[in-house]
Protein chains: 4
Amino acid sequence: MATPPHHPRRSDTRRRIQDVALELFAEHGYEKTSLREIAERLDVTKAALYYHFKTKEDILVSISEDLARPVDELIAWAESQPRTLATKQEMLRRYSDALWGAVPLFRFIQENQATVRELSIGESIKSRITALSEMLKEPDSSLSAQVRCMTALFAMHAGMFAMQGIEGDPEEKRAAILEVALDLVAQAEASGVAG
Amino acid sequence: MATPPHHPRRSDTRRRIQDVALELFAEHGYEKTSLREIAERLDVTKAALYYHFKTKEDILVSISEDLARPVDELIAWAESQPRTLATKQEMLRRYSDALWGAVPLFRFIQENQATVRELSIGESIKSRITALSEMLKEPDSSLSAQVRCMTALFAMHAGMFAMQGIEGDPEEKRAAILEVALDLVAQAEASGVAG
Amino acid sequence: MATPPHHPRRSDTRRRIQDVALELFAEHGYEKTSLREIAERLDVTKAALYYHFKTKEDILVSISEDLARPVDELIAWAESQPRTLATKQEMLRRYSDALWGAVPLFRFIQENQATVRELSIGESIKSRITALSEMLKEPDSSLSAQVRCMTALFAMHAGMFAMQGIEGDPEEKRAAILEVALDLVAQAEASGVAG
Amino acid sequence: MATPPHHPRRSDTRRRIQDVALELFAEHGYEKTSLREIAERLDVTKAALYYHFKTKEDILVSISEDLARPVDELIAWAESQPRTLATKQEMLRRYSDALWGAVPLFRFIQENQATVRELSIGESIKSRITALSEMLKEPDSSLSAQVRCMTALFAMHAGMFAMQGIEGDPEEKRAAILEVALDLVAQAEASGVAG
DNA sequence: AATGAATGAGGATTCATTCAT
DNA sequence: TATGAATGAATCCTCATTCAT
């Protein structure tokens with residue numbers, strides 16, 4: 001007997017909509033992706049999308065909720081840890097996992113910042129980034145130390161897609177990026193307080 | 001007192017359109033900014049925009065042509081220099097100048113990558129970034145050296161806007177970002193070839 | 001009494017759009033007929049038209065496909081017949097039926113040749129006319145014999161509308177036109193080969 | 001000294017506008033030809049067109065007035081002649097001259113009937129055609145005799161452009177068309193009164 | 001004799017969304 | 001669990017026309 005409906009079992013269609021939508025959002029941007037396009041790709045009607053989601057934005061919200069959970073977990077974890085360099089570096093390692101675990105979503109966010117900012121997910125994304133950077137940098141450290149911390153973050157964001165210009169095994173590239181990021185927070189720590 | 005030009009101020013209109021358009025593009029994104037909105041802000045008709053520009057996209061193209069020139073000049077300059085560390089660092093300094101000389105444009109590009117990619121300016125932007133990164137990194141250096149070079153670039157891009165969360169004088173922040181970027185290429189150089 | 005279909009009269013809409021569109025196209029021309037006009041006449045929104053047809057041009061294409069079928073059938077039939085005078089005359093009789101069976105369409109085509117030529121239906125219309133005239137005239141007959149054949153065709157086209165200046169029963173007029181056309185091909189046949 | 005301004009000498013530009021306009025009207029139709037297009041082809045501004053003509057329609061009117069004069073003269077001449085077969089045939093000969101003397105104009109009229117009908121020139125064109133056909137056909141002759149007369153007219157109209165599918169010297173084709181037309185009125189005459 | 005700048009009206013088309021079935 | 005039919009609002013864009021210079 002097939003898997004019993006646990007919850008009424010979030011239908012397969014729902015997931016397929018999310019998949020296709022995310023793919024198209026990431027490819028052409030949120031605004032340029034129409035519901036017609038999504039529906040056509042799935043061979044269903046636009047109206048079908050509305051059976052599963054309240055609105056276009058809601059599709060995106062649901063995707064983000066499902067895929068960005070690891071980042072929230074990482075933040076929750078980090079908040080319970082001592083603010084040591086080791087913790088910060090473990091944060092980066094976990095963040096790398098989270099990003100590479102949902103490349104299309106984070107690519108979408110990276111490439112549609114203007115749009116995302118005006119959508120309801122904008123708020124939660126912003127607060128996650130803020131939380132992460134608050135935990136990485138010491139508030140009373142020098143400006144360049146702070147910059148190094150933020151750069152560690154951006155290096156991972158940008159690195160995810162922009163490194164396609166460099167040859168090499170994806171996992172090695174990811175490792176290289178992480179290494180640079182780890183190094184940056186280490187240097188930030190070393191450079192000490194402002195002055 | 002300088003007599004104003006014959007026609008009162010007739011047609012700085014073109015410039016005013018560019019200004020308002022860029023402001024709105026940067027604020028709400030390219031797709032969400034309608035020509036109606038631009039026209040209303042300027043208190044002219046939509047048709048007036050079409051007198052000055054062939055197309056919505058053409059407005060953006062013209063802005064980009066006008067404001068991104070310094071980057072092209074920088075690339076031209078760099079191509080005539082020896083590939084030393086000093087040259088690379090001077091490139092970063094000039095790039096910093098170019099970026100901070102047209103913040104709204106580069107903010108727009110940064111935050112609308114998905115859109116920009118599908119627009120005609122996408123090609124020229126991509127080729128500029130490629131050119132810059134080709135000149136910063138040594139092709140046979142280690143992966144992490146290459147990552148460091150690209151990160152130097154991204155640090156400046158992202159830094160331009162994302163540093164708003166950090167207190168401090170803008171010029172000082174810019175200097176701090178540049179410093180980190182300079183440091184990254186220095187480290188890249190130091191770490192030597194792969195292996 | 002025939003039970004009307006489930007949905008009251010839902011979507012004979014498509015047919016109604018075609019009808020009104022053709023009427024307006026024939027009355028004011030294709031370009032001067034706006035979709036707003038069509039929609040208003042039907043008391044639906046412009047968007048409703050786009051539910052049923054991809055494009056303004058597509059409305060016309062669909063009309064032409066539906067109504068010009070008899071001409072295609074006639075051509076197919078004629079191609080399987082011997083090239084005798086009797087065949088040619090039967091062609092004209094059937095062509096007369098086809099034309100009078102869809103007067104508004106052929107009136108539209110006749111009166112909007114410049115427009116039609118630049119539309120996708122232009123090609124198919126042109127090829128139909130060519131096919132017909134190729135089958136009516138002998139390639140090696142005298143110039144005036146060929147002119148007579150083409151004139152037989154044009155007489156029917158023009159006659160359909162231009163004869164409104166002449167009093168008399170429509171069916172009688174149609175018969176008179178057909179008679180003249182039949183006579184023209186007979187004369188063409190009689191006049192023999194060039195020389 | 002150059003030719004003295006006779007009338008202020010209807011400038012050369014005026015004529016050039018008419019030429020280009022007629023060419024484009026005939027090529028793409030009246031509605032699809034924009035003043036911008038005309039102006040661009042002449043390398044002047046749209047506003048310049050308005051110096052020479054009150055409106056778009058006025059350009060067409062002026063062309064028609066200039067080029068269709070021969071038809072009016074022919075009608076005037078015919079009205080002073082006896083209604084014999086010889087007169088009718090001379091009418092056709094002169095009409096052929098008039099048509100072939102201004103091919104683009106008559107091509108335009110032929111291919112844009114729907115448009116022309118709604119323009120001010122429509123009235124004068126219609127009345128000319130009516131006048132001609134009234135003079136060709138005897139009001140109490142048989143229907144088919146009348147059809148033959150109108151067909152003589154249409155043969156010339158349609159023949160002007162549609163004969164491009166037939167090989168042969170243009171002048172010979174024109175002669176062949178005229179011959180058929182002459183023949184048609186002769187037959188009409190011969191077939192006598194209705195009954 | 002012509003231009004530069006602008007307008008107002010209107011064009012076709014697309015979109016997210018709704019609702020009865 | 002979906003569809004078919006439709007809407008209202010908005011989009012970009014084009015056009016004929018005007019007028020001060």
Side-chain angles (χ1 to χ4, degrees), chain A residues 8 11-14 31-39 42-59, chain B residues 6-14 17 31-39 42-59, chain C residues 6-14 17 31-39 42-59, chain D residues 8-9 11-14 17 31-39 42-59:
Chain A
S11 77
D12 176 51
T13 304
R14 199 188 135 92
E31 333 261 6
K32 286 270 284 185
T33 302
S34 69
L35 296 187
R36 177 177 53 66
E37 218 175 333
I38 297 174
L42 288 165
D43 211 46
V44 287
T45 6
K46 269 185 291 174
L49 306 183
Y50 280 89
Y51 176 80
H52 293 281
F53 299 95
K54 273 210 319 288
T55 125
K56 183 185 182 184
E57 189 173 348
D58 191 39
I59 301 180
Chain B
H6 203 40
H7 251 315
R9 190 158 310 114
R10 288 295 200 209
S11 209
D12 47 56
T13 302
R14 201 189 134 93
I17 293 172
E31 337 259 10
K32 287 270 285 185
T33 302
S34 69
L35 296 187
R36 177 179 53 68
E37 218 175 332
I38 298 175
L42 289 165
D43 209 48
V44 286
T45 10
K46 271 182 288 171
L49 307 185
Y50 281 93
Y51 175 76
H52 292 281
F53 299 94
K54 276 211 313 289
T55 262
K56 184 185 181 183
E57 188 173 347
D58 191 41
I59 300 180
Chain C
H6 201 42
H7 251 315
R9 192 159 306 113
R10 286 298 200 208
S11 211
D12 47 57
T13 302
R14 200 190 135 93
I17 293 172
E31 335 260 9
K32 287 271 283 186
T33 302
S34 70
L35 295 188
R36 179 180 51 68
E37 218 175 333
I38 298 175
L42 288 165
D43 209 47
V44 286
T45 11
K46 271 183 289 171
L49 306 184
Y50 280 91
Y51 176 75
H52 292 281
F53 299 94
K54 275 211 314 289
T55 261
K56 183 184 181 184
E57 188 173 349
D58 191 40
I59 300 180
Chain D
R9 193 192 29 181
S11 77
D12 176 50
T13 303
R14 201 187 133 92
I17 293 172
E31 333 261 7
K32 286 269 284 186
T33 301
S34 69
L35 296 188
R36 177 176 55 65
E37 219 176 333
I38 298 175
L42 289 165
D43 211 46
V44 287
T45 9
K46 270 185 290 174
L49 307 184
Y50 280 89
Y51 177 80
H52 293 281
F53 299 95
K54 273 211 318 290
T55 120
K56 183 186 182 183
E57 190 174 347
D58 191 40
I59 300 179

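We name chains A, B, ... by the order of the sequence lines, and we start the count at 1 in each one.
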Legend entry - Over all atoms of both residues, closest heavy-atom pair of Thr45(A) and Ala39(A): C-CB, 3.8 Å
Legend entry - Distance, nearest 0.5 Å, that separates CD1 of Ile38(C) from CD1 of Ile17(C):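 Spacing of CD1 (Ile38(C)) from CD1 (Ile17(C)) equals 8.5 Å.
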Legend entry - Spacing of OG1 belonging to Thr13(D) relative to CG belonging to Leu42(D), to within rounding of 0.5 Å: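 The CG atom of Leu42(D) is 8.0 Å from OG1 of Thr13(D), to the nearest 0.5 Å.
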Any side-chain N or O of [X] below 4.0 angstrom from OP1/OP2 of [N]?
X	N	result
Ser34(A)	dT14(E)	no
Arg36(D)	dC15(F)	yes
Thr13(D)	dA2(E)	yes

Please check if the side chain of [X] supplies one atom and the backbone of [Y] the other of a donor-acceptor pair under 3.5 Å.
X	Y	result
Lys32(C)	Glu31(D)	no
Thr55(C)	Glu57(C)	no
Lys46(A)	Ser34(A)	no

Legend entry - For DNA chain E, the residues among residues 42-55 of chain A that have a non-hydrogen atom under 4.0 Å from it: Lys46(A), Ala47(A), Tyr50(A), Thr55(A)
Inset, instruction - Could you pick out which residue, Leu35(A) or Glu57(C), lies toward the 5' side of DNA chain E when each is mapped onto its nearest nucleotide? - result: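 Nearest nucleotide further toward 5': that of Glu57(C).
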Watson-Crick or G-U wobble partner of [N], both distances under 3.5 Å:
N	answer
dG8(F)	dC15(E)
dA1(E)	none
dA2(F)	dT21(E)

Legend entry - Contact check, side chains of Ile59(D) and Leu35(D), non-hydrogen atoms, under 4.5 Å: yes
Nearest-Å distance, [atom1] ([X]) to [atom2] ([N])?
X	N	atom1	atom2	result
Glu37(B)	dC12(F)	CD	C1'	14 Å
Ile38(B)	dC12(F)	CD1	P	8 Å
Glu31(D)	dA12(E)	CD	C1'	16 Å
Lys32(A)	dT14(E)	NZ	P	12 Å

